[in-house]
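Written below as structure tokens is the structure these notes are about.
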Amino acid sequence: MTTGHYRSNLRDIQFNLFEVLDIARTSLGKPPFGAIDAETAGDILVGLEEFVQQSFASCFVAGDREGLQFDGKGNVTLPTGFKAALDAFYAGGWNKLELPEHLGGYGAPPSVAWAAFELMAGANPAITFYLLGNFMAKVVDELGTDDQKARYLKAMIDGNWGGTMVLTEPDAGSDVGAGLTRATHVEGDEYLLEGVKRFITNGDFDHPANIVHMVLARPEGAKPGTKGLSMFIVPKFWVEADGSLGARNGAVVTNIEHKMGINGSATCELTLGAETPCRGLLLGGVHDGIAQMFHVIEYARMGVGTKSMATLSTAYLNALAYTKERKQGADLARASDKTAPRVEIIRHPDVRRMLMLQKAFAEGLRALVLWTAHIQDQVFLLGGHGKAEADAMDRLNDLLLPLIKGYSSEKVYELLSVSLQCFGGSGYCQDYPIEQYIRDQKIDSLYEGTTHIQALDLFFRKIARDQGKTLQRLLGQIMATCAELPAELAAEKAALEKAHNEVGAIMMAMMGHVMKGGDGVYHVGVQGNRILFALAELVIGWRLVVNAAVALGKQADAKGDDVAFYAGKVAAARFYCGQILPGIGLARRLVEASELSLMSVDDAAF
């Protein structure tokens with residue numbers, strides 16, 4: 001169903017959830033997901049797809065062209081249609097999907113919730129980001145004191161309040177530990193905050209009655225760096241002990257950024273305690289800010305990667321539709337024949353290459369996202385943190401997040417150029433949505449940790465810190481799949497096995513550099529993105545081959561549109577294994593030959 005720019009791929013979402021991951025058996029109907037069965041989950045996604053097409057996608061263009069209004073007094077006005085879309089979202093109860101049952105929600109597992117997020121972010125990412133308050137309620141529920149829960153939870157959920165994560169400062173940027181925002185103790189869990197924060201997504205907007213900012217600040221006397229930061233609940237309007245609203249708090253938007261894209265999302269400068277005291281509550285009554293904020297950061301990173309994937313998917317499907325209609329040129333084999341009929345451009349070899357490149361990555365990234373979401377299901381089903389197997393699954397999830405956020409955001413920006421190319425000159429014009437997709441998506445490689453921050457996080461925190469145990473577990477799963485592949489996928493099996501070995505060699509080479517000490521760590525700086533990309537491409541290839549194996553098993557009984565759908569899954573895996581996985585071999589050679597002459601080049605030479 002398509003009523004605007006957005007072309008969803010609900011069939012592929014369903015394939016991943018119900019045919020590959022088999023969530024009806026592995027996730028649904030079990031505590032804490034006992035309230036949702038497969039039929040209900042399927043109906044929810046069908047209904048949500050229809051909803052976002054009608055409400056979110058319809059104001060996608062208006063958000064970009066009209067943008068936001070800022071009155072200079074701390075108040076931001078949303079573009080036309082945004083408030084109506086948000087009203088419809090909450091009126092339909094869609095916010096309840098990811099909320100647990102004890103908070104009045106449906107208790108959907110992460111696999112279903114992230115599938116829903118794809119639909120929303122693909123239709124209108126700017127509006128989707130205004131929904132963060134829903135997740136912040138879960139953070140308060142998990143980490144807050146009993147008094148904080150009593151004060152905030154009912155009001156946040158029933159009032160559909162907004163929410164933000166407040167880390168970045170003008171002079172600190174990604175170096176969060178260099179933040180200067182101060183927190184002065186008043187009494188109990190109440191503090192006064194002073195400082196300036198920047199790049200705060202949706203720091204103000206004129207829809208909710210209140211906005212809850214989750215702010216990192218340094219209490220007086222706290223140690224330097226990230227370890228000295230604490231996390232505070234800072235509302236736009238003060239919340240009294242009974243949950244009622246008090247006076248306007250001193251957390252005020254003093255500027256909004258004028259950006260390259262995603263113009264419907266308010267990116268704000270937030271000034272704390274300048275003219276009015278800024279009051280906040282120490283979250284959970286404990287000074288553990290960076291660990292607490294990572295609950296939000298990890299959610300945001302998953303969201304950013306999913307947004308990128310969703311954008312590539314709709315861009316590809318728009319390009320596909322155009323290439324099936326646009327006639328230009330004769331078939332290449334008859335190019336010299338002036339009487340040859342003009343053909344749809346999908347018949348041209350290079351256009352077909354571009355389309356399959358987009359298809360393979362759009363579907364491969366979706367498979368990666370939903371498989372990771374399924375791992376998150378298992379963390380809950382295995383008893384959560386503190387249980388050995390659940391903790392192992394959680395570490396696997398942590399390992400995959402840099403791939404989803406870092407690789408997806410970089411690769412999608414590259415491939416959106418390919419989407420535009422399919423349209424020729426028309427793609428550069430506002431007649432089609434691709435130019436806005438490109439502008440809206442570029443931010444994904446920048447916020448919630450730039451790509452190289454993701455690469456350093458992957459190598460040092462997710463691989464080296466546990467001596468490669470989680471990585472080895474992942475690589476073992478890939479080899480186990482190879483051992484079970486049908487004969488029809490023999491070439492894909494060989495490509496996966498070779499790529500698996502190349503990635504192993506990349507990791508060994510880099511560990512060798514680091515173990516030498518001294519400036520050996522610079523090799524990670526020089527090669528880090530290449531390492532991230534190589535691992536991501538291996539895992540994506542693996543998930544595509546898994547999907548192809550499932551599709552092969554379904555082909556004999558396929559009917560109607562499913563015949564072509566399953567054939568497409570096999571074709572995408574074959575293209576990827578033949579055209580993308582061999583590139584990991586080049587990455588290996590470059591990593592093994594890593595040298596540091598770049599570090600000795602005089603700055604003036606640049």
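Numbers here are sequence positions counted from 1.
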Handout entry: Pairs flagged by salt bridge (charged side-chain N to carboxylate O under 4.0 Å, His left out) wherever residues 591-606 is involved - sequence neighbours left out
Key = Arg588-Glu592
List the atom pairs, donor and acceptor, that lie under 3.5 Å between side-chain atoms in residues 412-421 and the rest of the protein, sequence neighbours left out.
residue: Glu414; atom: OE2; partner: Lys411; partner atom: NZ; Å: 3.1
residue: Ser419; atom: OG; partner: Gln358; partner atom: OE1; Å: 2.6
residue: Ser419; atom: OG; partner: Leu415; partner atom: O; Å: 3.3

Practice task
Any ring-ring contact (aromatic ring centres under 6.0 Å, His included) involving residues 582-606? Give me the pairs, sequence neighbours left out, ordered by first then second residue.
Solution key: none
Problem - Residue pairs, two or more places apart or on separate chains, that pass side-chain hydrogen bond (donor to acceptor under 3.5 Å, both in side chains) and touch residues 476-499 - result: Thr481-Trp542
Practice task
Would you please name every residue forming a ring-ring contact (aromatic ring centres under 6.0 Å, His included) with Tyr566, sequence neighbours left out?
Solution key: none
Fill in the blank from the handout: Sorted by chain and residue number, the side chain to side chain donor-acceptor pair (under 3.5 Å) partners of Gln454 (sequence neighbours excluded) come out as none
Problem - Sequence-distant partners of Ala310, side-chain contact (heavy atoms from CB on, under 4.5 Å), two or more places apart - result: Glu118
Exercise for the section: State whether Phe294 and Arg461 meet the cation-pi test: NZ (Lys) or CZ (Arg) under 6.0 Å from the six-membered ring centroid, and within 45° of the perpendicular axis. Expected result: yes
Exercise for the section: Step through it carefully: locate the ring centre of Phe565, locate the ring centre of Phe15, and say whether they are under 6.0 Å apart. Expected result: yes
Practice task
Would you mind listing every salt bridge (charged side-chain N to carboxylate O under 4.0 Å, His left out) that reaches into residues 463-483, with sequence neighbours excluded?
Solution key: Glu389-Arg473
Fill in the blank from the handout: Those residues at least two apart in sequence (or on a different chain) that pass salt bridge (charged side-chain N to carboxylate O under 4.0 Å, His left out) with Asp22 are Arg25
Problem - Listed partners of Tyr437 passing ring-ring contact (aromatic ring centres under 6.0 Å, His included), at least two apart - result: His5, Phe60
Handout entry: Qualifying residues under side chain to side chain donor-acceptor pair (under 3.5 Å), relative to Ser600, sequence neighbours excluded
Key = none
Under 3.5 Å donor-acceptor pairs involving side-chain atoms of residues 513-526, not counting sequence neighbours:
residue: His513; atom: ND1; partner: His523; partner atom: NE2; Å: 3.4
residue: His523; atom: ND1; partner: Ser594; partner atom: OG; Å: 2.7

